[in-house]
Amino acid sequence: MKKKLFICGISALMVGMVSCNSQKKDTKSSDTEVVTTADNSQNSLDWDGFYSGILPCADCGGIQTSLELLKDGTYELKQVYWGKDDNSFYSFGNLTWNKEGNTITIGEDESVMKFQVGENALTMLDKEGNKITGDLADNYILAKVDMNLVEKYWKLTELFGEAVVTPENGKEAHMILKKEGNRVNGNSGCNSFSGTYTLKPGNRIYFSKVASTMMMCINMDTEKKMHQVLETADNYVVNGDTLVLNKARMAPLARFEAVYMK
C-alpha cells in the first residue's frame, strides 16, 4: 500500500513539473516581441519606372531630365541643358536608400543627387537631403511617366465637342508623345509640328516650344483649333486607347484614339 502511494506521489510530482515547464514556456513565448517593418516608400510604393521633368537651371533655359529607376536597384539618368553647347549628361549605376526608406541617392561626388520618393513622383532634395524651398520649389519634381500615354500614334477624333473628319487626300491630324526627351511631334491637319511636353503629378501636362511648318491648306480650321488645344491644355486622361486633353475641369478640349500598325 505504501509502495502504491509512493508511486502515485512520484507520478503527481512529474505531472506537476511538466505542467509548470509548459506554463513557463508559454509565458516566455507570450512575452516575445514581434518586430514588424513599417510601411515606407521603398516597400509600399511602385517606385520603379520612368520619371521626367524640367529642372531649374541658373545659367540655361532648363534641364530636361529623364530618370529611370529599375527594380534591381539600378538607375539611368539623362539630362539636357537647354541653351548650352556642351549640353548633355548621362550616368548610370546603383541607387541607395536611406534607412527610413523614403529617399534615394544616385551619382557620386559632385554629381550626387537625392530624391524623396512619393506616389508617382520624385522630389529633388539639396545635397544635405533637405527639401528645396522658394518660388521654384514645385519645379524640382519629376513625374512618373504613364507608359499608356507615350510612344503611341494618337489620332485626333474630336475638337471642342465636334467630330474631326480627315478630308479625302488630306493629312490626318495626330500626335506622338516620345518617352525620351519629352518630345511631341505630329500633324495638325495641314502642317507638321514638334515641341516639348512636361508632365507633373496628378496627370497634369503642359506643351511648350511648339513650332510647325508654314504650308497653306484649303481648310485651316482643324489646325488652328489643335494649336489652341496645345496652348491651353493642362491635364489629361488616358482610358485604354482613348486620350483626352482638358483645361482644368472644363469640357474636354480634344479627344484622340490610339492607332496601331497592322
Side-chain angles (χ1 to χ4, degrees), residues 41 45-69 75-92 95-98 102-147 149-150 175 177-185 194-211 229-238 245-249 253:
S41 300
L45 296 181
D46 293 326
W47 51 265
D48 57 310
F50 194 87
Y51 298 80
S52 73
I54 301 173
L55 299 176
C57 178
D59 57 352
C60 69
I63 308 172
Q64 178 63 58
T65 302
S66 301
L67 175 58
E68 187 167 14
L69 305 181
Y75 75 90
E76 185 175 359
L77 174 68
K78 296 179 181 179
Q79 292 184 301
V80 176
Y81 290 73
W82 289 348
K84 282 194 170 185
D85 295 332
D86 185 15
N87 66 349
S88 61
F89 175 80
Y90 171 80
S91 71
F92 65 94
L95 61 89
T96 58
W97 288 87
N98 65 346
N102 57 27
T103 300
I104 60 168
T105 300
I106 64 173
E108 297 178 351
D109 302 325
E110 294 300 319
S111 63
V112 164
M113 300 177 73
K114 296 178 183 290
F115 294 92
Q116 184 178 37
V117 182
E119 187 73 39
N120 296 324
L122 301 176
T123 301
M124 186 176 174
L125 308 175
D126 63 21
K127 297 293 185 181
E128 288 69 41
N130 301 312
K131 277 193 173 183
I132 299 172
T133 59
D135 296 337
L136 299 178
D138 289 344
N139 294 330
Y140 286 95
I141 299 176
L142 303 181
K144 192 173 186 179
V145 175
D146 186 344
M147 301 310 292
L149 176 68
V150 298
M175 68 177 183
L177 301 166
K178 305 299 290 183
K179 173 185 168 184
E180 294 287 348
N182 286 73
R183 302 292 303 176
V184 58
N185 57 63
S194 63
T196 63
Y197 69 94
T198 302
L199 298 177
K200 291 185 178 295
N203 281 22
R204 289 182 291 165
I205 188 169
Y206 303 94
F207 296 92
S208 60
K209 302 182 183 297
V210 177
V229 168
L230 297 177
E231 290 173 2
T232 58
D234 62 10
N235 70 92
Y236 73 92
V237 176
V238 173
L245 294 180
N246 309 293
K247 171 66 176 178
R249 297 184 179 181
L253 301 176

Under 3.5 Å donor-acceptor pairs involving side-chain atoms of residues 116-123, not counting sequence neighbours:
none

Residues 125-143 side chain polar contacts: donor-acceptor under 3.5 Å, at least two apart:
unit_1	atom_1	unit_2	atom_2	d
D126	OD1	E128	N	3.0
D126	OD1	G129	N	3.0
D126	OD1	N130	N	2.7
K127	NZ	E110	O	3.2
K127	NZ	V112	O	2.6

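The side chain to side chain contact (heavy atoms under 4.5 Å, CB included) search around V237 returns N246, not counting sequence neighbours. Take K114 and apply the side chain to side chain donor-acceptor pair (under 3.5 Å) test, not counting sequence neighbours, and it matches T105. Applying the side chain to side chain donor-acceptor pair (under 3.5 Å) rule to E76 yields the partners Y90; only residues at least two apart in sequence or on another chain are considered. Scanning for side chain to side chain contact (heavy atoms under 4.5 Å, CB included) contacts around F89 gives L77, Q79, Y81, S91, S111, with sequence neighbours left out. Residues satisfying the side chain to side chain contact (heavy atoms under 4.5 Å, CB included) criterion with V184, sequence neighbours excluded, are M175, L177, F193, Y197, F207. A search for salt bridge (charged side-chain N to carboxylate O under 4.0 Å, His left out) contacts involving K247 returns D234, not counting sequence neighbours. Applying the side chain to side chain contact (heavy atoms under 4.5 Å, CB included) criterion to N203, with sequence neighbours excluded, gives Y236. Contacts of K179 classified as side chain to side chain donor-acceptor pair (under 3.5 Å), with partners at least two apart in sequence or in another chain: none. Every residue two or more places apart in sequence or in another chain was checked for a salt bridge (charged side-chain N to carboxylate O under 4.0 Å, His left out) with K209, and none qualifies.
Closest approach of V145 and S52 over heavy atoms only: CG2-OG, 3.6 Å. What you find for C57 and I63 is that their closest heavy atoms are CB-CG1, 3.7 Å. Closest approach of S66 to F50, counting heavy atoms only: CB-CZ, 3.6 Å. The two atoms that bring K200 and Y206 nearest to each other are CD-CE1, 3.9 Å, heavy atoms only.
The stretch residues 53-63 participates, sequence neighbours left out, in these salt bridge (Lys or Arg N to Asp or Glu O under 4.0 Å) pairs: D59-K84.
Between Q64 atom CD and L55 atom CG the span is 9.0 Å, to the nearest 0.5 Å. With rounding to the nearest 0.5 Å, the separation of CD1 in I106 from CG in L69 is 7.5 Å. How far CG of L245 is from CG of L230: 7.5 Å, rounded to the nearest 0.5 Å.
Judged purely by atom type and a 3.5 angstrom limit, K144 uses its side chain to pair as donor or acceptor with the backbone of D46. A distance-only check finds no donor-acceptor pair linking the side chain of T196 to the backbone of N182 [under 3.5 Å]. Under a 3.5 Å cut-off, the side chain of N235 and the backbone N or O of A248 do form a donor-acceptor pair.
With a 4.5 Å cut-off on side-chain heavy atoms, W47 and I104 do not count as touching.
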